[in-house]
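What you see below is based on every heavy atom in this structure, not just the backbone, and it leaves out hydrogens, waters and symmetry mates.
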Amino acid sequence: MQKELPKAYEPQQYEDAIYKRWEDSGLFNPDVCIEKGVTDKKADYFSIVLPPPNVTGTLHIGHASMLAIQDLMIRYHRMKGERTLWVPGTDHAAVATESKVEKLLIADEGFKKPKEELGKEKFLERVKEYAQNSHDTIVNQSKKMGSSLDWSREAYTLDEQRNLAVRTVFKKMYDDGLIYRGYRVVNWSVKGQSTCSDDELVHVERQGKIYTFKYSQDFPITIATTRPETKLGDTAVAVHPDDTRYQKFIGQTFDVHNFADSGVDLKIKIIANEHVDMAYGTGAVGVTPAHSSVDFDMYTAQKTKGDEIDLIHVIGQDGNMTSAAGTYEGLTTVEAREKVVEALKKHDLFVGEEETIQNVGTSDRFGDVVESIPMTQWFINVNKEFQMGESKLKNIKKGQTVTLKKLMQEVVHSGEIKIIPERFEKIYFHWIDNLRDWCISRQIWYGHQIPVWYKNEENYCGIHPPEGEGWQQDPDTLDTWFSSGLWTFSTLGYPDLNAEDLKNFHPTSVMETGYDIIFFWVARMILMTTYTLGDIPFKTVYLHGMVRDEQGRKMSKSLGNVIDPLDTIKSYGADATRLSLLIGNAPGNDLKLSEEKVAGFRNFTNKLWNISRFIIGKIQEDTGYKIQINIQKPTPKTLADEWILGTLNSTLYLTSGSIEEFQFSGAGDILRTFTWDQLADWYLEIAKIEGNKSEILNYILNGLLKAWHPFMPFVTEEIWKGIHGDNSLLMVQKWPEFFERTKNDEKVFVQFNLVRDIVSVIRFLRSENKIEPIKKINVLVSAGDKIDLLKNNASIIKGLARLDKLVIQEKVEKPKTGVGFVVSSIEGFIDLEGVADVVKEKERLTKEITQLKGYVIGLEKKLSNKEFVDNAPKAVVEKEKRKLEEGTEKLKKLEQQLQSL
RNA sequence: GGACUUGUAGCUCAGUUGGUUAGAGCGCUGCAUUCACAUUGCAGAAGUCAGAGGUUCGAAUCCUCUCAGGUCCACCA
C-alpha cells in the first residue's frame with residue numbers, strides 16, 4: 001500500500017513523469033503490447049493515422065482538440081484489448097513552410113529576396129532547420145497532451161520513405177495516363193510566383209466596376225467586362241446558339257484594328273456556347289481564352305469541334321502586360337485597365353460603367369489575387385477512364401473501366417466509407433461533381449521534386465533517375481496534398497505491399513480531422529488510396545469543428561483571444577484541457593472555449609482525485625482487506641450497494657456505446673453524472689453511514705478509473721499508481737465488463753430513488769423553514785406497504801437528512817406543529833415542535849397543489865380522449881395511467897395536509 | 001446564384017427512430033465550513049423549446065413558410 005495522496009491534485013507535479021512511464025513501457029507500440037502479452041495477436045485491430053501537423057510552427061488549441069479526441073478513441077480501444085495503433089507524423093506543408101521561412105529571413109535577418117540571395121541549396125538548409133525545430137516543438141507538445149502515439153513509427157511527409165511512395169504513385173499514375181503535362185490556364189500567384197490548385201483559392205468579394213463597350217465602331221455586339229485590360233487577349237465572342245439576336249453572326253470573324261490604341265489587331269470570331277445566359281447583360285460574352293478558365297474551356301471546346309479560335313497571352317507571370325499587349329507592354333494590369341477604358345471612351349466605343357461586387361480568387365497562402373495564366377504544368381486527370389487494377393472495393397472489380405471521380409464517389413455511396421456527421425457526405429459529392437483536373441506542380445523548392453527527367457525532346461518518368469548523361473529533372477515540386485494524400489498507407493510500409501503494418505492496420509479505422517480540409521485532404525486520400533491500393537484509406541471519417549473563443553470568434557493573435565493549450569496545461573492540467581475539448585464538442589460543429597470552462601474541469605479532476613482519496617482511505621481503515629487489481633463484481637449487501645453497482649453497470653454500458661458511436665461528449669457527460677452526482681453525492685455519503693464496503697469500493701474505483709482513463713489519462717494513471725503501485729499501468733488494463741440491464745436493476749432503481757427523494761424533500765423543507773442544517777429534527781413517516789424498504793434504509797435517511805428521530809410506521813399521526821410531504825405513496829411529517837409557520841406552510845402546500853392539479857387534469861384529459869387510448873401504444877397508455885394514479889393519490893394527501901393546518 | 005446548417009434557462013450546450021411536469025454544466029440566490037474535496041456540500045430561482053401555419057390521439061422532435069445567424073460551393077461575362 002502506498003502512502004496517502006495529497007489533498008489536492010496538482011497536475012504539474014505528475015504529468016511529465018507519467019508520460020515517461022508510458023513511453024518507457026513501450027506499450028504505445030502494438031507490437032510490444034503483443035510481446036508483453038497485453039494484447040492478443042489475433043485480436044481485432046484499431047488504427048488511426050494522425051493528421052500530420054504542418055511544420056510551420058507550434059500546435060494550437062485546434063490540434064489539442066484533435067489529439068484529445070483521437071487519444072480518447074485509441075486508449076479506449078487499447079483497453080478493449082484490440083491491437084491498437086496510432087501513427088504520428090508531421091507535414092512539410094511545402095508552400096506554407098517555404099513562405100514562412102522566407103518571411104522570417106526577411107524580417108529577422110535583413111534579406112530582401114532570400115531565395116535569390118542564398119541559392120537553392122542554402123535556402124533549403126534553412127527551411128529544413130526551421131522544419132526540424134518546429135517538428136521538435138510539435139512532438140513535445142503532443143506528449144504534453146498525453147497522446148499515446150507510437151513514436152517508433154513516426155513519419156514525415158518529406159522523408160525518404162514517403163518520397164519513395166510519392167515517386168512510386170506518381171509513376172503509376174503517369175503510366176496510366178492519369179498524370180499529364182499540359183498547357184492550360186492555371187491559377188498563378190504573382191506574389192508567390194507559383195501555381196495553386198482550385199481548392200487553394202479563397203474567394204473574396206470586392207467592389208469593382210463592370211464596363212460595357214464595343215470592340216470597334218462596326219462591331220455588331222456590345223459586351224461587358226470587369227477587366228478591360230484582358231480584352232486585348234480576346235479572340236471570340238460567345239453567344240447562346242438559340243439567341244435570335246446574334247444567330248446570324250455565329251461563325252463570322254470580325255477584324256478589330258488597333259484595339260484601344262494598343263497597336264494590336266484582334267480577330268474576334270462569334271461562337272455559340274450553351275453556357276451563355278441570354279438574359280444576362282447583353283447576352284454576349286467576350287472570350288479571353290488565356291486569362292479565364294471558363295474561356296479556356298470554350299477554347300478547348302472549339303478546338304475539338306475543329307473550329308479553332310486563337311489564344312493570346314497578354315498577362316505575364318510577373319503580373320504585367322506582355323508584348324502581345326502592344327503599346328501596353330510592361331504596364332501593370334491596373335494601369336492597363338485605366339488606359340484601355342480611356343481609349344475606348346476616346347473612340348466613342350464606351351457604353352457605360354456600373355459599380356458591382358465581384359468575386360475574386362485569392363491565394364490562401366500568399367494572399368494576393370491570383371491571375372489566370374496559361375502555362376505548361378502537371379495535372380491529374382480526374383475524368384479519364386482507365387482499367388482498375390487490383391481491387392478490394394465492394395462495387396469496383398479488377399479490370400473495370402473507371403475514373404478517379406467515380407472511385408471517389410463509389411466508396412462513399414457504397415457505405416464503405418462513412419462520414420460523420422452525415423451531412424458532409426452531400427458536401428463531398430457536390431465537390432466531386434464540380435471537380436476539375438488537379439494542378440499538382442508548384443514552382444517552389446521545398447517539396448517532392450517531380451520524378452520526370454528531360455533530355456532534348458525526350459522525357460522520362462521513373463522512380464529513379466534515368467541512366468546516362470544529360471538528363472535534367474523537372475525543377476517543379478508537387479502540391480503538398482499529393483504526398484499527404486498517400487498518408488494512410490505511406491506511413492504503413494508502402495510501396496512494399498507485403499509490409500506487415502499495411503497488412504495489419506490498413507485500411508485505418510478512423511480518420512479524425514477538421515471539416516475544413518475535407519476537400520484538400522480527405523477527398524485526396526480517398527482518390528489516392530482507391531487508385532493505388534484498390535482499397536479504402538479509412539472506414540470512418542470523423543470531422544471535428546474549429547475551436548473558437550467564448551464569443552464564437554476565430555482565435556487570432558490580433559484579437560488577442562488565443563488560448564494556448566500549453567498555458568491551460570500548465571494552469572489546469574492536461575486532463576482538464578482535454579475534458580474541456582471533449583465535453584460539449586459535437587462532430588462538425590465549432591466549439592466555443594473559455595478559460596473558465598477549463599478551470600471547471602480542473603475542479604472535476606480534483607473531485608475525482610478526492611473521491612479516490614476517500615475510497616483509498618476507507619479501504620485502508622479496513623485492516624482485514626487487501627486492495628485488488630482484478631476484482632469480480634462483489635455481492636451487494638444493501639439496497640444502496642445494489643443501486644450503485646447497477647448504476648455503474650449502466651454507466652459503463654452507455655459510455656462504451658457512446659464512444660463507439662463517436663459521441664464522446666455524451667460519454668463524458670454520463671460518466672460525470674455517475675461520478676459526481678451518483679457516486680460522490682450519494683453513495684459515498686451512504687458508505688460513511690453503512691460502513692464496511694471495502695470490496696465494493698475497490699470494485700467501483702477500479703471501474704471508475706478505467707472508464708475515465710481515455711478522457712483523463714494522467715490523473716487516473718496517477719491514482720492507479722497510488723493504489724496498485726508502479727508496476728501496474730492503468731493504460732493497458734482491461735476495459736471493465738458490463739452486463740445486460742435486468743428487471744431487478746429497474747426495481748432497485750425505483751426503490752432507491754424513493755429513499756433518495758425522501759431525503760431530498762426533508763432537506764428541502766428544512767431549507768424552506770430555515771431550520772439550521774445542524775439542528776437535529778424528528779420525522780414521522782407513514783410508509784404503507786413500503787415499510788420494510790424504509791425500515792431497512794432508515795439509517796441512511798436519518799444520516800443524510802440529519803434526523804434525530806425517525807419514526808416509520810404503516811400509518812402515523814400528523815404532529816400538531818408539523819410540515820408534511822408526499823413522496824410517491826409515502827406521506828411524512830417533520831415535527832417542528834411548536835415553531836411551524838402555518839401561513840408559510842399553507843402557501844407552500846397551495847402552490848404545490850396548484851401545480852399538481854394542472855398536471856393531473858392534463859393526464860385525465862389525455863386518458864379520457866378516446867383517440868389517444870385507441871391509437872397510442874399500450875405501454876404509453878399504461879404509463880400515463882400509472883402517472884395519473886400516483887398523481888391523484890399524492891394530490892389527495894397534500895389536500896388533507898392543507899386542511900389539517 | 002446554389003447548397004448545407006443553427007435558433008431550447010443570463011451563457012455554453014444535451015434532448016438517438018414523435019409519448020418527461022423539457023434537462024446538464026457555468027453563472028445567479030439562500031444556507032452550510034474541523035469529520036475525502038471550498039478546486040466543496042445542501043437547497044432554490046430561472047425556458048410561450050425564434051415566429052406562424054400544418055400533419056398527428058400526441059410535436060422541442062416531422063412538413064411548409066417567415067424572421068435572424070453561420071458555413072461551404074459557384075464561370076453570371
- Indicate whether OP1 or OP2 belonging to B/U21 is found under 4.0 Å from a side-chain N or O atom of A/Y855. yes
- Item | Nearest-angstrom distance from the residue atom CG of A/L591 to P of B/C26 | 17 Å
- Message: Classify A/A224 by what it touches in the nucleic acid, base, sugar-phosphate, or nothing, heavy-atom distance under 4.0 Å.
- Response: sugar-phosphate
- Message: Using a 4.0 Å heavy-atom cut-off, does A/F764 contact any base of the nucleic acid, only the sugar-phosphate backbone, or nothing at all?
- Response: sugar-phosphate
- Query: Does A/N603 make a side-chain N or O approach to OP1 or OP2 of B/C37 shorter than 4.0 Å?
  - Reply: no
- Message: Pairing check on B/A46: which nucleotide meets the Watson-Crick or G-U wobble criteria with it, both distances under 3.5 Å?
- Response: none
- Closest listed nucleotide, where the reference is the side chain of A/R423 and the choices are B/U40, B/U5, B/C42: B/U5
- Item | Spacing of the C1' atoms in B/C4 and B/A46 (rounded, Å) | 34 Å
- Protein-nucleotide distance (A/M546, atom CE; B/C72, atom C1'), rounded to Å: 13 Å
- Query: Given the C1' atoms of B/C49 and B/U21, what is the spacing between them in whole Å?
  - Reply: 15 Å
- Message: If I take atom CZ in residue A/F601 and atom C1' in nucleotide B/G25, what distance separates them, rounded to the nearest angstrom?
- Response: 7 Å
- Query: Any ion pair linking A/D433 and A/K405 (charged N to carboxylate O, less than 4.0 Å)?
  - Reply: no
- CD1 of A/I221 versus C1' of B/A77: gap in Å, rounded? 13 Å
- Query: Closest to the A/N359 side chain: B/A74, B/G19, B/C76?
  - Reply: B/A74
- How would you label the contact of A/K866 with the nucleic acid (heavy atoms, under 4.0 Å): base, sugar-phosphate, or nothing? nothing
- Would you call A/L891 and A/V822 a side-chain contact if the rule is heavy atoms closer than 4.5 Å? no
- From B/A77, B/A36, B/U5, pick the nucleotide closest to the side chain of A/D277? B/A77
- Query: Given B/A36, B/C37, B/C75, which nucleotide is nearest the side-chain atoms of A/V294?
  - Reply: B/C75
- Query: If we take the P atom in both B/A60 and B/U17, what is their distance in whole Å?
  - Reply: 14 Å
- What is the pairing partner of B/C72, taking Watson-Crick or G-U wobble pairs with both distances under 3.5 Å in any strand? B/G2
- Message: From OH of A/Y9 over to P of B/U40, roughly how many Å is that when rounded to an integer?
- Response: 17 Å
- Among B/C4, B/C42, B/G19, the one nearest any side-chain atom of A/I427 is B/C4
- Task: Tell me what A/E685 touches on the nucleic acid: a base, only sugar-phosphate, or nothing, going by heavy atoms under 4.0 Å.
- Result: base
- Whichever of A/T282 and A/E867 has its nearest RNA chain B nucleotide further upstream toward 5': A/E867
- Query: What nucleic acid atoms does A/N871 come within less than 4.0 Å of, heavy atoms only: base, sugar-phosphate, or nothing?
  - Reply: base
- Distance check: side-chain N/O of A/H203 vs OP1/OP2 of B/A74, anything under 4.0 Å? yes
- Item | Who pairs with B/U55 - Watson-Crick or G-U, where each distance is under 3.5 Å | none
- Message: Please tell me if A/K883 has a side-chain N or O lying less than 4.0 Å from either OP1 or OP2 of B/U21.
- Response: yes
- Say you pick atom C1' in B/A14 and the same atom in B/G7; how far apart are they, in whole Å? 15 Å
- For B/G23 versus B/A32, give the span between their P atoms, rounded off to a whole number of Å. 29 Å
- Message: So, OP1 or OP2 of B/A43: does either fall under 4.0 Å of a side-chain N or O from A/R763?
- Response: yes
- Task: Not counting sequence neighbours, list each pair that qualifies as a side chain to side chain donor-acceptor pair (under 3.5 Å) and has a residue in residues 656-669 of chain A.
- Result: A/Y76-A/E660, A/S656-A/W735, A/D669-A/R672
- Scanning all shown strands, the Watson-Crick or wobble mate of B/U17 with both distances under 3.5 Å is none
- Message: Any salt bridge linking A/E595 with A/R602? Criterion: basic side-chain nitrogen under 4.0 Å from a carboxylate oxygen.
- Response: no
- Query: Should B/A38 form a Watson-Crick or G-U wobble pair with both distances under 3.5 Å, which nucleotide is its partner?
  - Reply: none
- Query: Separation of A/F674 atom CZ from B/G25 atom C1', in whole Å?
  - Reply: 19 Å
- Message: Has A/R578 got a side-chain atom pairing as donor or acceptor with A/F711's backbone, closer than 3.5 angstrom?
- Response: yes
- Query: Just checking A/R613: base, sugar-phosphate only, or nothing, at a heavy-atom cut-off of under 4.0 Å?
  - Reply: sugar-phosphate
- Message: Considering every strand and a 4.0 Å limit on heavy-atom distances, what is the contact class for A/S612: base, sugar-phosphate, or nothing?
- Response: nothing
- Message: Looking only at the side chain of A/N434 (C-beta and beyond, no hydrogens), which of the listed nucleotides B/C73, B/C13, B/G41 gets closest?
- Response: B/C73
- Message: So A/A680, base contact, sugar-phosphate only, or nothing? Heavy-atom distance under 4.0 Å.
- Response: base
- For A/S665 and B/A14, is the shortest distance between a side-chain N/O and OP1 or OP2 below 4.0 Å? no
- Is it true that the side chains of A/T577 and A/T568 contain a donor and an acceptor less than 3.5 Å apart? yes
- Message: Distance check, P atoms only: B/A45 and B/U29, in whole angstrom units.
- Response: 16 Å
- Message: Taking A/R245's backbone N and O only, do any of them form a donor-acceptor pair with A/D243's side chain (distance below 3.5 Å, no angle check)?
- Response: yes
- Item | Under-4.0 Å side-chain N/O to phosphate OP1/OP2 contact, A/K688 with B/A36 | yes
- Min side-chain heavy-atom separation A/L884-A/R882 under 4.5 Å: no
- Message: Suppose you measure atom C1' in B/A22 against the same atom in B/A38; what distance do you get, rounded to whole Å?
- Response: 32 Å
- Query: Does a side-chain N or O from A/W676 land closer than 4.0 Å to OP1 or OP2 of B/G41, or not?
  - Reply: yes
- Side chain A/W609, main chain A/P6, donor-acceptor under 3.5 Å: yes
- Output the single nucleotide from B/C57, B/A14, B/A77 whose closest atom is nearest the side chain of A/T226. B/A77
- Ignoring backbone atoms, test whether A/K607 places a side-chain nitrogen or oxygen under 4.0 Å from the OP1 or OP2 oxygen of B/G41. yes
- Do A/F213 and A/T225 come close enough that some side-chain heavy atom pair is under 4.5 Å? yes
- Ranking B/C37, B/U39, B/A77 by distance to the side chain of A/N610, first place goes to B/C37
- Note on the structure: Here the distance between atom P of B/G19 and atom CG of A/L863, to the nearest Å, is 17 Å
- Task: With heavy atoms under 4.0 Å as the rule, sort A/Q851 into base, sugar-phosphate or nothing.
- Result: nothing
- Look at the side chain of A/K592 and decide which nucleotide, out of B/A36, B/C42, B/C13, has an atom nearest to it. B/C13
- Item | Whole-Å distance separating the NE2 atom of A/H275 from the P atom of B/C75 | 12 Å
- Message: In whole Å, measure the gap between the C1' atoms of B/U8 and B/G47 for me.
- Response: 7 Å
- Item | Closest to side chain of A/I210, choosing from B/G19, B/A77, B/A36 | B/A77
- Item | Pair partner, B/C67 [Watson-Crick or wobble, under 3.5 Å] | B/G7
